[in-house]
Protein chains: 2
Amino acid sequence: MAARGAAHNTAQAHQTHNHRECIDDALKRAREICAGRGAQLTPLREKVLQIVWRSHKPVGAYDVLDELARSHKAARPPTVYRALDFLMSEGLIHKIESLNAYLGCVEAGAPHSGQFLICRQCGATEEIVDAKLETALDQAAKRAHFAGERKVVEISGLCARCAA
Amino acid sequence: MAARGAAHNTAQAHQTHNHRECIDDALKRAREICAGRGAQLTPLREKVLQIVWRSHKPVGAYDVLDELARSHKAARPPTVYRALDFLMSEGLIHKIESLNAYLGCVEAGAPHSGQFLICRQCGATEEIVDAKLETALDQAAKRAHFAGERKVVEISGLCARCAA
DNA sequence: ACCCCGCTGTTATGATGTAACATTGCCGAA
DNA sequence: TTCGGCAATGTTACATCATAACAGCGGGGT
């Protein structure tokens, strides 16, 4: 994995960290990943990725559109959805199904479905990578003789800060 | 739990079982549950529940609407969404977030979030109740100091029949 | 008789997502 | 150099999913 700052890219840190660095890290990593694959991270796609990364909260496609339109007047829904589809296919963002919204991926590059903790109070959403949970999902599917492919795991509740 | 036929109410069985009995069981159980709670399972709501139970595939709200309108010309979107909201609040159906569709609950009465195996080929969706997976979800949230409430678990892939 | 309240009716609109075809710009082959 | 192909983007229109807001109706209690 490319070098990156230690505490960045985690939702827990979102109150305290330097978020500009956090975004910059994500964009830099995205460029590296795409360059290594020959995938075209165009200015438009990179701009959409940057908008998604503006916070650690899932962002709706039309919110992305509104923001994008400030600098790109031609933006229309297909513009945004195409960019989001590209970013998802490259594993740079995830869709949060229970919110119909999109979130930057903290493990970009490695294909995975993602596991999310969504605070219903502040909206901050943390992507976790929990090997035991992953195993439990695989085992559960296996017990049911089901060939699992994509896994949606979204736990909503209260983050530590909001619960306090 | 009320007495009910052994192989009913499972998606695996959906190719072979007597689905009329399956629906009847679900409706009977729903009536019992609502009666026991003083919840009003009106004819309209029961009809919607019956429509959702017509198959073991998640059904969209507008598909419910189309079907409902055959016997109930006044049906409009709010009619359906209100009934679906009621049925969800009573734990009689689940929403499948990744499909924006609704499915009869096989463990009606006990409040739970549900874990689903969704076949991308045939659409059949099985609700599983996997204690180990449940534990793994709780543990994962706990490790992240997150107070989990609602859990969305939807694994899509191929059911045993379609994989063969 | 009257009110309250839950359920349903009704109209309109908001929010999310996609189909289909046009245009642009680059790059390689002839 | 010109042309043809192809990926990305532009553009118009529409499909799909969901809810706001207010009206009407009917049963149960006082």
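Every value quoted in this text rests on a predicted model; they were computed, and no experiment measured them.
Between dA18(D) and Asn100(B), a contact under 4.0 Å exists linking OP1 or OP2 to a side-chain N or O. Side-chain nitrogen and oxygen atoms of Lys95(A) include none within less than 4.0 Å of the OP1 or OP2 phosphate oxygen of dT16(C). Taking only side-chain nitrogens and oxygens, Tyr102(A) comes nearer than 4.0 Å to OP1 or OP2 of dG17(C).
Taking the 5.5 Å centre cut-off and the 30° plane limit, the aromatic side chain of Tyr62(A) is classed as stacked on dT16(C).
Note on Lys151(B) versus Glu154(A): no salt bridge recorded, every NZ/NE/NH1/NH2 to OD/OE distance being 4.0 Å or above. Comment: Arg150(A) engages Glu97(A) in a salt bridge, judged by a side-chain N to carboxylate O separation of less than 4.0 angstrom. In this structure, Glu90(B) does not pair ionically with Arg45(B), as no charged nitrogen and carboxylate oxygen lie closer than 4.0 Å.
In this pair, Phe116(B) and His94(B) present their aromatic rings perpendicular. The plane angle is above 60°, beyond the 30 to 60° band.
Heavy-atom distances under 4.0 Å link DNA chain C to Pro77(A), Pro78(A), Tyr81(A), Arg82(A) of residues 66-86 of chain A, given in residue order. Residues from residues 39-46 of chain A lying near DNA chain C, meaning a heavy-atom separation below 4.0 Å, are absent.
By the 4.5 Å heavy-atom criterion applied to side chains, Val152(A) and Ser98(A) are not counted as neighbours.
Axis angle across the helix from dA1(C)-dT30(D) to dA30(C)-dT1(D), with five pairs used at each end and values rounded to 10°: 10°.
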